[in-house]
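Small disclaimer: the values here were computed from a predicted structure and weren't measured. Quick note: numbers below take in every heavy atom, side chains included, and nothing from hydrogens, waters or symmetry partners.
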Amino acid sequence: MSAVAVRAPGRVNLIGDHTDYNDGFVLPLAIDLECSVRGRVSDDGLVRLRSAQLPGDVELPADGSLEPRSVEGWGRYAAGVVRVLAERGRPPVGLQATVSSTVPAGSGLSSSAALEVGIALALCDAARWELPRRELARACQRAEQVATGVPSGIMDQLASVCGREGHALLVDCRSLDVEAVPLPDDLAVLVVHSGVERELAGTAYAERRAACEAVARRIGVPALRDATLEQVADDPRARHVVSENARVLDAAAALRRGDRAELGRLLGESHRSLREDYEVSTPELDALVEALEQAGALGARLTGAGFGGCVVALAAAASASDVLAEATARYRGATGREPTPFVCRAADGAGREEER
Ligand code: GLA
């Protein structure tokens, strides 16, 4: 039986949070932390997966007939992927594989998107069946929603599928157009985990999304993407979304012309807006942003859904390790929490291992 070996990266979002489900803009990059799925095609009509890190082997009918919510733990994501691909016409070919991931879970670096995209690609490969890239991302987004019950957007899965080495991705979440924007070699993307797992993220996320959709209905636009700042001036949630969309476009432009001061300023504005208008920050994330700014980062902000997890920062590559050392010491002193720093490199999107 033929071998299958694929990989799918996690992502960090440079700027543009809580904009994707409002048909807006985001600027993520796929990172060099990834989920690999290695195994072989099987002829028993079963998808059998084990994780190199997590307990609980998974055995699922390859035709997607098992209800994903009946599966506990990480296997629920696998069951979600098997189900949505079956619905889209994947032949029910079996797979026996080991899943192994270097993306830390619960951190805001999209470990679940990397898992979904990795399993989806492995299943496509096993059945010699293909989905166009955007459809693959959409299917994995749907799998995430099925598995978690959270109405999450398209950013994470699309970044994992479409990543490009050395580039950030300017994504229009309405058309799903992706434009790769080069990241200069002398600019470092720093990610620091606050040491606090995300909490309440699912419930609050659904509430925020519903609030945005209600404002769009009230002012009579298809999505907040179409609203002006004047239209939403009195609504802090919507104001965040509309102003954040503008910041994403400004940040992509600043990146293209190498305007670091402006990039840093936009990251800081984004964090303030997420903290004050969208209210998805925490005291720890605020302390970490402040520590990075004081340590000499160009700018810093919470990244992903918020409510814990990671902060992203930009720094001159030459001073990145000094900035991280000073910021983590300051943060430890201020909060007593243990931060975990990463220097991330922008990586290629998901694919077969042989195509690396
Ligand atoms: C999570 C979701 C994404 C996006 C971010 C916030 O990561 O999965 O779709 O909405 O939160 O920007």
Side-chain angles (χ1 to χ4, degrees), residues 11-28 108 110 134 137-138 141-142 144-145 150-159 162 168-179 181 200-256 259 262-281 285 289 299 301-307 312:
R11 66 98 187 91
V12 64
N13 190 20
L14 268 189
I15 191 164
D17 274 309
H18 295 280
T19 46
D20 62 351
Y21 53 80
N22 290 298
D23 277 3
F25 299 97
V26 293
L27 190 65
S110 296
R134 286 181 182 75
R138 275 198 209 276
Q141 174 197 15
R142 185 66 203 135
E144 168 96 20
Q145 295 177 341
V150 177
S152 45
I154 187 72
M155 167 169 67
D156 309 346
Q157 292 79 11
L158 197 69
C162 295
L169 309 170
L170 174 60
V171 182
D172 178 334
C173 297
R174 172 169 278 164
S175 65
L176 299 193
D177 282 348
V178 177
E179 185 190 332
V181 184
L200 285 177
T203 324
Y205 187 98
E207 279 169 19
R208 296 291 190 286
R209 180 167 182 162
C212 289
E213 288 166 358
V215 177
R217 272 195 301 278
R218 181 163 58 71
I219 60 180
V221 290
L224 286 182
R225 150 77 171 269
D226 308 297
T228 64
L229 216 38
E230 293 72 48
Q231 283 175 309
V232 298
D234 297 331
D235 186 293
R237 302 283 190 258
R239 196 165 62 210
H240 162 71
V241 174
V242 175
S243 63
E244 184 84 343
N245 275 332
R247 283 187 289 272
V248 173
L249 297 176
D250 289 349
L255 201 52
R256 280 192 213 98
D259 187 344
E262 174 69 353
L263 266 176
R265 191 189 68 76
L266 289 164
L267 262 59
E269 280 299 308
S270 171
H271 185 75
R272 258 184 296 286
S273 179
L274 286 159
R275 183 183 68 212
E276 286 160 26
D277 280 356
Y278 219 63
E279 294 186 279
V280 292
S281 191
L285 292 170
V289 165
R301 59 184 284 283
L302 74 83
T303 182
F307 302 103
V312 65

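In plain terms, the two heavy atoms of V241 and C212 that are nearest each other are CG2-SG, 3.8 Å. Contact between Q141 and S152 at its shortest, heavy atoms only, is NE2-O, 3.0 Å. A251 approaches L27 most closely through the heavy-atom pair CB-CD2, 4.2 Å. Among all heavy-atom pairs drawn from E262 and A254, the shortest one is CG-CB, 3.8 Å.
Here H18 pairs with Y21, Y205, Y278 under the ring pair (Phe, Tyr, Trp, His ring centres under 6.0 Å) rule; sequence neighbours left out. Every side-chain contact (heavy atoms from CB on, under 4.5 Å) that E179 has, sequence neighbours left out, goes to L170, R256. Every residue two or more places apart in sequence or in another chain was checked for a side-chain hydrogen bond (donor to acceptor under 3.5 Å, both in side chains) with N245, and none qualifies. For D235, the side-chain contact (heavy atoms from CB on, under 4.5 Å) criterion is met by V215, R218, R237, A238, not counting sequence neighbours. Considering only residues two or more places apart in sequence or on other chains, V242 meets the side-chain contact (heavy atoms from CB on, under 4.5 Å) condition with A227, L229, V232. Taking A216 as the reference, V221, L224 meet the side-chain contact (heavy atoms from CB on, under 4.5 Å) condition, with sequence neighbours excluded. Annotation: salt bridge (charged side-chain N to carboxylate O under 4.0 Å, His left out) contacts of E244 (sequence neighbours excluded): R247, R301. The salt bridge (charged side-chain N to carboxylate O under 4.0 Å, His left out) test applied to R134 returns no partner, not counting sequence neighbours. With sequence neighbours left out, the salt bridge (charged side-chain N to carboxylate O under 4.0 Å, His left out) criterion links D250 to no other residue. For the side-chain hydrogen bond (donor to acceptor under 3.5 Å, both in side chains) test, no residue two or more places apart in sequence or in another chain qualifies with T303. Residues satisfying the side-chain hydrogen bond (donor to acceptor under 3.5 Å, both in side chains) test with E276, not counting sequence neighbours, are none. Contacts of D23 classified as salt bridge (charged side-chain N to carboxylate O under 4.0 Å, His left out), with partners at least two apart in sequence or in another chain: R174.
Annotation: side chain of T19 is not in contact with side chain of C173 (no heavy-atom distance under 4.5 Å). Annotation: side chain of D172 is in contact with side chain of F25 (closest heavy-atom distance under 4.5 Å). At least one side-chain heavy atom of L263 sits less than 4.5 Å from a side-chain heavy atom of L255. Put simply, the side chain of L274 reaches to within 4.5 Å of the side chain of S270, judged on heavy atoms.
In this structure, R225 contributes its side chain and N22 its backbone to no donor-acceptor pair below 3.5 Å. Within the 3.5 Å criterion, the main-chain N or O of G108 finds a donor-acceptor partner in the side chain of R11. Under a 3.5 Å cut-off, the side chain of N13 and the backbone N or O of G304 do not form any donor-acceptor pair. A donor-acceptor contact shorter than 3.5 Å links the side chain of S243 to the backbone of R239.
The 12-atom threshold is not exceeded at CG of D234, counting heavy atoms of other residues, nucleotides or ligands nearer than 6.0 Å.
The closest side-chain donor-acceptor pair between R142 and Q145 falls under 3.5 angstrom.
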Q.
Run R217 and E213 through salt bridge (Lys or Arg N to Asp or Glu O under 4.0 Å) and show every step you take.
A. CA-CA 6 Å; R217 272 195 301 278; E213 288 166 358; 5.1 Å; no
**Q.** Intermediate values then yes/no, side-chain contact (heavy atoms from CB on, under 4.5 Å), V312 and L14
**A.** CA-CA 7 Å; V312 65; L14 268 189; 4.2 Å; yes
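Atom OG in S110 sits 8.0 Å away from atom CD in E144 (nearest 0.5 Å). Considering CG of L249 and CD1 of I15, their distance stands at 10.0 Å, rounded to 0.5 Å. Here NE2 of H271 is found 15.0 Å from CG of L266. Values are rounded to the nearest 0.5 Å.
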